[in-house]
Amino acid sequence: MYFKPSSAEAHHGDFRDALRDDGFVVVKNAIPRAKAIEYQNRAYDWVRTFNTPLDFENPDTWMKDNIPLTNRANAFAAYCASHESFMWEARMEPGVLEAFGKLWGTDELLTSFDGLNITFPNRKDVPAREPWEHVDQSPSKRGAHCIQGIIHLSPSGPEDGGLVVIPKSHKYHDEFFDTHLREPLNGRDVYLFPKEELSWFEKKGLRPHKVCCEPGDLIMWDSRVIHYGSDPTERSTQIRTAIYATYMPARLATQEQLELKRNVFQHFGSATHWPFEHMKPGPTHAILPDGSRDPRDRDEPIDPPVLSDKLLRLAGLKAY
């Protein structure tokens with residue numbers, strides 16, 4: 001738990017108060033705006049390495065065949081994307097590490113091998129997604145175990161794609177699952193809510209909130225908060241660009257978890273937002289709907305990161 005019982009109600013006078021009370025917070029200017037836009041441009045350059053007719057200025061080219069495979073969250077998790085140099089440089093930005101270090105009370109952190117989100121608005125080839133409200137913490141885990149992060153590289157206004165949360169829903173996590181658990185505890189740190197279960201939270205007076213932010217802002221939220229990634233509305237013209245990055249203290253990881261994390265890193269694989277849980281050894285392949293591997297898939301990054309001591313410690317390959 002990131003809040004010890006003795007300090008759970010403490011007043012910090014900073015972003016931790018909103019995170020505790022509302023379950024989410026936007027840390028402004030965690031990365032300088034100009035640096036965030038630079039990362040966005042490098043992300044676009046990475047997509048262009050697939051040599052498709054995709055043109056970021058031409059919505060007619062925003063089609064399935066021109067865009068590498070993404071997961072449900074519209075994130076690139078395959079193609080070694082998690083380990084491109086710009087991804088690691090963004091993860092190691094001082095303002096991002098400072099926020100998570102202050103949260104956990106230590107600068108000895110491990111980071112997640114999470115993905116890159118690029119969401120094109122109003123695509124003509126796919127329908128808008130329905131909300132998929134969920135939490136990223138198992139009902140069997142009580143208290144705050146994980147605080148997720150999104151490094152935003154583009155503006156995200158009310159009409160743009162981005163994170164939607166139900167503020168304060170983390171405070172009802174235990175109460176809800178004490179009475180509404182409809183599936184066995186299986187160790188998975190995800191729970192999807194059908195619409196009929198969401199009414200329970202509505203009766204508590206809780207409502208969805210679209211999180212708005214600017215390039216360089218860091219969104220942090222408690223994994224017990226009900227949330228989902230929203231698609232842009234028809235009024236949006238903004239291409240959403242964001243990097244998922246979560247950090248937890250290295251001391252919490254077991255040796256077995258660290259060994260798996262090292263294996264994933266050595267294969268340039270990706271994982272969930274949990275920095276040392278749910279690691280699957282080996283690479284993360286891009287699999288087409290027919291079950292075959294995408295011929296565009298890669299075995300190593302186009303631009304590998306510089307393996308500094310700082311990076312190796314965050315990746316779990318070097319001890320603090």
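As the structure is a prediction and not an experimental result, all values here were calculated from the model.
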Checklist entry - For Arg313 and Glu108, what are the C-alpha separation, side-chain angles and deciding distance, and is it a side chain to side chain contact (heavy atoms under 4.5 Å, CB included)? => result CA-CA 8 Å; Arg313 290 189 176 102; Glu108 296 183 355; over 6 Å; no
Next on the checklist: Run Thr246 and Gln148 through side chain to side chain donor-acceptor pair (under 3.5 Å) and show every step you take.
Outcome noted: CA-CA 5 Å; Thr246 299; Gln148 297 172 242; 5.4 Å; no
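- Across all non-hydrogen atoms, the minimal contact from Asp160 to Gln238 is OD1-CB, 3.3 Å.
- Ring geometry for Phe265 against Phe113 counts as tilted: the plane angle lies between 30° and 60°, on a 0 to 90° scale.
- Taking every heavy atom of both residues into account, Ile151 and Ala245 meet most closely at CD1-CB, 4.0 Å.
- Atom CZ of Arg293 has more than 12 heavy atoms from other residues, nucleotides or ligands within 6.0 Å.
- A salt bridge links Lys318 to Asp309: at least one charged side-chain nitrogen sits closer than 4.0 Å to a carboxylate oxygen.
- Between Tyr191 and Phe176, the two ring planes are perpendicular [angle over 60°; tilted spans 30° to 60°].
- Using a 30° and 60° split on the angle between ring planes, Tyr44 and Phe56 fall in the parallel class, below 30°.
- Applying the 6.0 Å contact sphere to NZ of Lys203 captures no more than 12 heavy atoms from other residues, nucleotides or ligands.
- A ring-centre distance under 6.0 Å is not found for His134 and Phe193.
- The pair Glu93-Lys35 counts as a salt bridge, with a side-chain nitrogen and a carboxylate oxygen less than 4.0 angstrom apart.
- A salt bridge does not link Lys64 with Asp125: none of the charged nitrogens is closer than 4.0 Å to a carboxylate oxygen.
- Relative to the ring axis of Trp274, Lys280 does not place its NZ or CZ within 45° and under 6.0 Å from the centre.
- In this structure, Glu256 places its CD atom where only 12 or fewer heavy-atom neighbours from other residues, nucleotides or ligands lie under 6.0 Å away.
- Between Asp17 and Arg20, at least one side-chain nitrogen of the basic residue sits less than 4.0 Å from a carboxylate oxygen of the acidic one, meeting the salt-bridge criterion.
- For Tyr79 and Phe50, the gap between ring centers is short of 6.0 Å.
- Aromatic ring pairs are classed by plane angle as parallel below 30°, tilted from 30° to 60° and perpendicular above 60°; the pair Tyr172 and Trp200 is perpendicular.
- The ring of Trp221 has its center no closer than 6.0 angstrom to the ring center of Phe24.
- Contact detail for Cys212 and Pro158: the closest heavy-atom pair is SG-N, 3.6 Å.
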